Amino acid sequence: MSETTLECQRPRPFPLERTSVPEPAGDYRRLRAEQPIIKVSLPTEQEAWLVTRYSDVRALLIDERISADRSHPNFPLRRPVQSVLRKGFSAQAKSLLALDLPEHTAPRRMLANEFTLRRINELRPVIQKIVDDRIDEMLAAGPPADLISDLATQVPSRMICELLGVPLESREFFQDRTLTLQLPGSTPEQQLQAADDLARFLDELVTEKEREPSDDVLGRLVLRNRDTEVYTHDLLVGMAQNLLIGGHETTINAIALGTIGLLQRPDVIAELQSDPDMIVATVEEILRYYPIFDVMVRVAKEDIEIGGVTIKAGDGVVLALGSCNRDEERFADGDTFDARRGDRQHVTFGYGIHQCLGQNLARVELEIVFATLFRRIPTLRLAVDLDEVPFKVTSTITGVFRLPVTW
Ligand code: HEM
C-alpha cells in the first residue's frame, strides 16, 4: 500500500490547525468541498466523525438516532477536568443538554416560558443598567482597561443573578465563584472548589424559593410546576446550573470576538453610529462569522448513512458549527463579514431540540453591549496589536483571555 493511501486512511488529528485565529480553521472550506465527513482523532484519544457541511450538520441535529448523552463512554471530547467539574456540578440532576427525547421535552417546556422574546424585552432596562454601570466604572478609572474582566464577564454574571433571583447579600459570593470558574488565572483546584460552592449555593437557593417563591425565574418555576408530575427539587437545581453554565463563557466570548471584529472594521462602527438600528443585523453577523462555539459533539445510537459514509452505532460525532456558518451552499460569500446580512439561520446557537434556550437573551445582551460601548466610548481601540491578544482556543470554543483596550 502506498504512503499516500495510508495517509488517507489515518484519521486526521483534530482540532484542525488554525493559522489566523479568530478565523475558523482554513481547511474547513476544502473539507466541505472534498471530504465533508471524515474520521478524526481527538486529543482525548478517541476517534470520531467530523462533519463540516451546513446541510449534514442540521440533518444530524434533528436525527433521533443521534444522542446528546454525555455519560456515553464514547461521547467525544470528554476531558478529565471538565468531567470532574461536570460531575460536581450536575451530580443531582442530569443536565438538560444531555437529555434525549422524550425525557428532554417536559423540562425544556418548563424553562422555555421564561425565555420568550417578550420576557427578554422586559429585561432590556436591567441589562442596559448593568452595561452603563460597568462603562461608568471603566471611564472613571481611565484607560487602559481589560474589556474581559471589566465588562464581558460582568454582564452574564450579573444577569444570571437577576434571572435566578440571587439575594443581594449573596451576590458578591455568587459572582466571585462564577468568575473563578471563568477567569483564565484560576487553577483547576480553584475551579473545582468554585463549582462545588456554586452547586451547594444553588441547592440552597432552590430550597429557599420552594419555601417562599419570589418573582424571578426560579420562584415562578416553583409556583407553576411544583404540583406537576415532572417537578423535583433536583430538576430545578439542574436547571439553575444549566442556565449558569450555558450563558456564561459563550456570552463572554461573543462580546470579546464581536468587539475585536468591530474594532477591525471602523467603517461598520461609523455606520452603526449613524444607523443604530443596524445593530440587530450586525450582532447576527458577529454570531455567524466568529467560531464562538466552533464544534458541538454527539454520539450515534444507531447506524446512520449520511454523505456517503456510515456512522456506526456508538461512534462519536463532531459537528463543525464554525464550518457550517461559512458554507457557501447556504451563505453567499460566507467568508465575508457583511454587517447588514442579518441572516438568523446560522448554527451558532445549535439546531434541533437543544437549540440554545438563551438565544433571545444573548442577542439582546450583545446588542446593548456593542451599541452602548461604541456610543459612549467612540474612540475605543485595542491597546495592543491584534497578534498580541491572548486568544483562548480549545477544541470546541474560541475566546480571549484578556482584551486590553484604551480610548
Ligand atoms: C452568545 C451566547 C451563546 C451561545 C453562542 C450559545 C450557544 C448554545 C448552543 C450551541 C447550544 C446547544 C448545545 C448542544 O446542542 O449541545 C446551547 C444550549 C443552551 N443554552 Fe446557550 N448560548 C449562548 C447564550 C446562552 C444564554 C445567555 C443562556 C441562558 C442564560 C443559555 C442557555 C442555554 C441552555 C439552557 C441550553 C440547553 C438547551 C437544551 O438542551 O434544551 N445560552 N447554547
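This one's a predicted model, so the numbers in the text were calculated from it and none came from an experiment. Just follow the structure's listing: the first ligand is 1, and inside any ligand the first atom is 1.
Residue contacts with ligand 1, taken as heavy atom pairs separated by less than 4.0 Å, do not involve Val297 at all. Contact annotation: for Phe293 versus ligand 1, heavy atoms closer than 4.0 Å belong to the side chain alone. The proximity of Met296 to ligand 1, defined as any non-hydrogen pair under 4.0 Å, is limited to the side chain. Both the backbone and the side chain of Cys356 come within 4.0 Å of ligand 1, counting heavy atoms alone. At a heavy-atom distance under 4.0 Å, only side-chain atoms of His104, from C-beta outward, approach ligand 1.
Each of His346, Glu23, Arg341 was scored for a side chain to side chain donor-acceptor pair (under 3.5 Å) with Tyr289, with one residue passing: Glu23. Partner Leu319 forms a side-chain contact (heavy atoms from CB on, under 4.5 Å) with one of Val347, Val295, Leu61, Asp56 and no other, that one being Leu61.
Look at Arg70 and you'll find a heavy atom under 4.0 Å from some atom of ligand 1. Using a non-hydrogen distance threshold of 4.0 Å, Asn253 does not register as a contact of ligand 1. Contact annotation: Arg298 has at least one heavy atom less than 4.0 Å from an atom of ligand 1.
In this structure, Arg29 places its CZ atom where only 12 or fewer heavy-atom neighbours from other residues, nucleotides or ligands lie under 6.0 Å away. In the displayed structure, Glu329 atom CD is contacted under 6.0 Å by at most 12 heavy atoms of other residues, nucleotides or ligands.
For ligand 1, the atoms lying closer than 4.0 Å to a non-hydrogen atom of Leu96 are 39 (C), 40 (O), 41 (O). Counting the atoms of ligand 1 from 1 in the order shown, those under 4.0 Å from a heavy atom of Ala254 are 1 (C). Residue Gly358 approaches ligand 1 through these ligand atoms, each under 4.0 Å from one of its heavy atoms: 26 (C), 27 (C), 28 (C), 29 (C), 31 (C), 32 (C). Listed by number with element, the atoms of ligand 1 under 4.0 angstrom from any heavy atom of Ile353 are 41 (O).
For the pair Leu373/Leu147, a side-chain contact is recorded, criterion being any heavy-atom separation below 4.5 Å from C-beta on.
When only interatomic distances are considered, the shortest N/O to N/O separation between Arg108 and ligand 1 falls below 3.5 Å. For ligand 1, the polar-atom distance check finds no N/O of Thr348 at less than 3.5 Å from any of the ligand's N/O atoms.
Under 4.0 Å is where a charged nitrogen must lie from a carboxylate oxygen, and between Arg340 and Glu285 no such pair does. Salt-bridge formation is detected for the pair Lys312/Asp303: a Lys NZ or Arg NE/NH1/NH2 atom is positioned less than 4.0 Å from an Asp or Glu carboxylate oxygen. By the 4.0 Å N-to-carboxylate-O rule, Arg12 lies close enough to Asp27 to be salt-bridged with it.
By the side-chain contact (heavy atoms from CB on, under 4.5 Å) test, Gln264 is found to be paired with Ile260, Tyr290, Leu386, residues two or more places apart in sequence or in another chain being considered.
Nearest residue to atom 13 (C) of ligand 1 from Leu61, Leu97, Thr250, Leu319 is Leu97 (criterion: closest heavy atom).
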